[in-house]
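Quick caveat: nothing in here was measured; it's all calculated off a predicted structure. Whatever order the structure lists them in is the order used to number ligands and atoms, beginning at 1.
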Amino acid sequence: MKKDSRVNHPPQAPLPPGNRPVVAPVYQSVKFECDDIDATLRVVRGEAPGYFYSRNANPTLRQLEQLLAELQGREDCMVCASGVNAVAQTLVSLSKAGDHILCFLETYSPTRQIIRKLLARFGVTHTLLSIEDLPGIERVLAQTPTRLVHFESPTNPVTKIADIAAITALARRHGALTVMDNTFAGFHQHGEFPVDVFVHSLTKFASGAGDVMGGAVIADRELLATMRPDWNLFGATLDPHAAFSLLQGMRTYFVRYRAQSASALAVASFLEAQPAVERVRYPGLPSHPQAALARAQLRDAGAVVSFDLRGGAEAGRRFAEALELFSLTASLGSTESLVLPPQMMQPRDFTAAQLAACGIGAGTVRLSVGLEDIDDLRADLGQALAAIDRA
Ligand SMILES: *Cc1c(COP(=O)(O)O)cnc(C)c1O
């Protein structure tokens, strides 16, 4: 072999039997080959285990998928390029023209756009209720044949708690599938409820470092298999290197999630005692309007705390801009603390009544609490609250 050829066919260094790496390698390869055509076709047709093309399957992605499925308590998982991608592909692959989706005012804004704009173009209808309106959910499911119920808990940003047992029971009774975006609660919670499909943004708690984007859909094998062919056509594959970073992030997932939940509770309690703060919403606080339901459903209450400033939008602006340890940006669940002011959270597609029901007020601020020292966080929040009155 000439050297020009050799660089394209470098020597392989396979591990001997019985020897393996402790950290699995990144399979940064688009293509996989077998020894002959028949063996290749068996892999391509799914008749034999193996890999062929990374748009459809890759061993590094598969490792992440198996881990997440096991944590969430379902048989299978498919990871993809982002959380929004996981939501979009799930809703598209489970619906067709003429289907009806029940969804909620408190839903993550891009998910609302997928249902209200994108799917509407293809003849999928929807009803938008408040997640607190259980009689409404019962009425809609009884009156309108419904394919999917899509919901979240705790909701963004005001941490309302969906009654998962009630919603899944009503959906089952009326023949609807439930899709739950479980990004806020994480992979270790809510698995005991009969939710049909869990979707997650891996960009948040899975990574922790906030350096990669990803999404996951987790369900039992048969249901996921019905969605897979569509997904292969959308082609929004996760890069193996991103999957590797996410696997590294998952090693500290439980330590981070619990430490951030403990700090978030400390931050929420601190804020509750401040005169500039009208009310605080955190699922771990005894004062949460659904504290009993939150306690029954959540072992760890999460990193997101939201609260209302008495001074409204202007106070929110001064407070958020005065913070030093909290980055003024989107996302949540990362190891650094984040803040979103009211100006960056007000939904623009709501009527006045819908706006009132969704719980985002003129002075609503959302925090995602990270892993900084809790005394530093309290001091920063204290000086930013003081800055509201200094202007
Ligand atoms: C962030 C988020 C998403 C979208 O995830 P990306 O990875 O940013 O695309 C979906 N749902 C919820 C609840 C989120 O917080």
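Here the protein heavy atom with the shortest distance to atom 8 (O) of ligand 1 is Met213 CE, 3.6 Å. Here the protein heavy atom with the shortest distance to atom 7 (O) of ligand 1 is Thr203 OG1, 2.5 Å. The closest protein non-hydrogen atom to atom 3 (C) of ligand 1 is Tyr108 CE2, 3.3 Å.
Set against the non-hydrogen atoms of Val84, the atoms of ligand 1 under 4.0 Å away are 4 (C), 5 (O), 6 (P), 9 (O). For ligand 1 and Lys204, the ligand atoms under 4.0 Å from any heavy atom of the residue are 1 (C), 2 (C), 3 (C), 5 (O), 14 (C), 15 (O). Applying the 4.0 Å criterion to heavy atoms of Ser82 picks out, from ligand 1, the atoms 7 (O), 9 (O). Every atom of ligand 1 is numbered from 1 in the order shown, and the set under 4.0 Å from a heavy atom of Gly214 is 7 (O). For ligand 1, the atoms lying closer than 4.0 Å to a non-hydrogen atom of Leu332 are 15 (O).
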Salt bridge (Lys or Arg N to Asp or Glu O under 4.0 Å) assessment of Arg228 paired with Asp76: CA-CA 11 Å; Arg228 237 178 237 285; Asp76 206 354; 3.1 Å; yes
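Aromatic rings from Phe254 and His188 are positioned such that their centres are separated by under 6.0 Å.
Judged purely by atom type and a 3.5 angstrom limit, Gln72 uses its side chain to pair as donor or acceptor with the backbone of Gln189. For the pair Asp99 (side chain) and Arg147 (backbone), a donor-acceptor distance under 3.5 Å is absent.
The two residues Glu132 and Ala357 make their nearest non-hydrogen contact at OE1-O, 4.4 Å.
Between Phe319 and Phe307, the two ring planes are perpendicular [angle over 60°; tilted spans 30° to 60°]. Between Phe205 and Tyr253, the angle of the ring planes goes over 60°, which puts this pair in the perpendicular group of the 30/60° scheme. Using a 30° and 60° split on the angle between ring planes, Phe104 and Phe151 fall in the perpendicular class, above 60°.
Heavy atoms of Pro110 come nearer than 4.0 angstrom to ligand 1 in no pair at all. Distances shorter than 4.0 angstrom do not occur between any heavy atom of Thr111 and any atom of ligand 1.
Ligand 1 has no nitrogen or oxygen under 3.5 angstrom from a nitrogen or oxygen of Glu152. Where the criterion is an N or O separation shorter than 3.5 Å, residue side chain and backbone included, Gly83 meets it with respect to ligand 1. Not one N or O of Leu202 is nearer than 3.5 Å to an N or O of ligand 1, by distance alone. Checked by distance only, ligand 1 and Asp181 come closer than 3.5 Å through their nitrogen or oxygen atoms.
Taken from CD in Gln354 to CG in Asp349, the straight-line distance is 7.5 Å, to the nearest 0.5 Å.
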